[in-house]
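A short worksheet on the structure shown next.
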Amino acid sequence: MTTNTTPTDLGVLVWDAEMRLAAADVLTGNGRDGRREKIRKTRAIRTVAEATARYRRAPRLHRARIVIDVDYPDRRRRDIHNLHWTVKPLVDGLTRAGLLPDDDDRHLDCITLQPSGRLSPKILGQRTYTFHIHVYQEPTP
């Protein structure tokens with residue numbers, strides 16, 4: 001939750017949340033989906049991220065830094081950067097929920113995407129990816 005206000009090199013952790021997506025709904029740079037399917041998945045990711053931010057009462061910030069730890073569905077070798085296709089609509093959903101006024105360079109300092117080393121659980125027999133979202137703000141002097 002949001003209670004940790006310990007400063008780190010990234011700033012002060014002001015909000016965090018967990019978002020889980022079915023592996024079939026995750027967008028990657030290697031995806032072979034058609035245009036309509038990509039649009040459907042993008043909208044779904046954006047909607048889930050917005051609902052998560054609203055439900056978890058994301059604060060309204062002017063500028064932030066976002067770190068996303070990803071739990072993979074299995075131990076296969078992966079390229080974390082392929083998940084940027086999923087991260088963009090995720091950040092758009094957080095922005096739509098009011099976390100930031102916009103996701104441009106003036107308001108979003110950086111997005112760091114890193115593997116967590118943990119496995120994401122199966123839900124109803126489906127493989128999932130879990131995105132642990134951590135939002136940091138610069139400490140005020």
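- Listed by chain and number, the residues in a side-chain hydrogen bond (donor to acceptor under 3.5 Å, both in side chains) with Tyr72 amount to none (sequence neighbours excluded).
- Contact of the Leu13 side chain with the Val135 side chain is not registered, since no non-hydrogen atoms from C-beta on lie closer than 4.5 Å.
- Considering CZ of Phe131 and OG of Ser116, their distance stands at 10.5 Å, rounded to 0.5 Å.
- When every heavy atom of Ile45 is checked against every heavy atom of Asp25, the shortest pair comes out as CD1-O, 3.6 Å.
- Glu37 has no carboxylate O lying under 4.0 Å from a charged side-chain N of Arg35, or vice versa, which leaves the two without a salt bridge.
- Looking at every heavy atom in both residues, Ala17 comes nearest to Arg56 through CB-CG, 4.2 Å.
- Residue Leu124 shares its hydrophobic cluster (ILVMFWY side chains chained together at separations under 4.5 Å) with Ile123.
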Might you work through the side-chain hydrogen bond (donor to acceptor under 3.5 Å, both in side chains) test for His134 and Asp69, ending with a clear yes or no?
-> CA-CA 8 Å; His134 309 283; Asp69 298 325; 3.2 Å; yes
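- Of the possible donor and acceptor atoms, none in the side chain of Thr128 sits under 3.5 Å from a partner among the backbone N and O of Arg20.
- Here Leu108 contributes atom CG and Thr95 contributes atom OG1; the two are 7.0 Å apart, rounded to the nearest 0.5 Å.
- Under the 4.5 Å side-chain heavy-atom criterion for Ile, Leu, Val, Met, Phe, Trp and Tyr, Ile39 and Leu21 are members of distinct hydrophobic clusters.
- The CG atom of Asn30 sits 4.0 Å away from atom CG of Asn82, with the distance rounded to the nearest 0.5 Å.
- Shown here are the side-chain contact (heavy atoms from CB on, under 4.5 Å) partners of Leu94, two or more places apart in sequence or in another chain: Trp15, Ala53, Ile66, Leu90, Leu99, Ile133.
- Using a 4.5 Å heavy-atom threshold, the side chains of Thr130 and Val70 count as separate.
- Heavy atoms from other residues, nucleotides or ligands lying under 6.0 Å from CG of Asp105 number 12 at most.
- Here the CH2-NZ distance, from Trp85 to Lys38, works out to 5.0 Å after rounding to the nearest 0.5 Å.
- Heavy atoms of other residues, nucleotides or ligands lying less than 6.0 angstrom from CZ of Arg40 number more than 12.
- Gly11 approaches Tyr136 most closely through the heavy-atom pair O-CD2, 3.9 Å.
- Within the structure, ring pair (Phe, Tyr, Trp, His ring centres under 6.0 Å) contacts touching residues 35-70 (residues at least two apart or in different chains) are His62-His107.
- Scored by the side-chain hydrogen bond (donor to acceptor under 3.5 Å, both in side chains) test, His84 finds no partners at all (sequence neighbours excluded).
- Arg46 is linked by a salt bridge (charged side-chain N to carboxylate O under 4.0 Å, His left out) to nothing, counting only residues two or more places apart in sequence or in another chain.
- The distance from the CZ atom of Arg127 to the CG atom of Leu119 is 11.0 Å, given to the nearest 0.5 Å.
- Taking OG1 of Thr28 as the reference point, atom CZ of Arg78 lies at 9.5 Å (rounded to 0.5 Å).
- Sequence neighbours left out, the pairs with a member in residues 107-120 that pass salt bridge (Lys or Arg N to Asp or Glu O under 4.0 Å) are Arg63-Asp109, Arg65-Asp109, Asp71-Arg118.
- Taking Ala51 as the reference, nothing meets the side-chain contact (heavy atoms from CB on, under 4.5 Å) condition, with sequence neighbours excluded.
- Applying the side-chain hydrogen bond (donor to acceptor under 3.5 Å, both in side chains) test to Lys122 and every residue at least two apart in sequence or in another chain returns nothing.
- Applying the side-chain contact (heavy atoms from CB on, under 4.5 Å) criterion to Gln126, with sequence neighbours excluded, gives Ala22.
- For Thr42, there are no side-chain hydrogen bond (donor to acceptor under 3.5 Å, both in side chains) partners two or more places apart in sequence or in a different chain.
- Taking 4.0 Å as the cut-off between side-chain N and carboxylate O, Asp92 and Lys88 count as a salt-bridged pair.
- For Thr112, the side-chain contact (heavy atoms from CB on, under 4.5 Å) test picks out Val67, Cys110, Gln114, with sequence neighbours left out.
- Using a 4.5 Å cut-off on side-chain heavy atoms (C-beta onward), Val26 and Lys41 make no contact.
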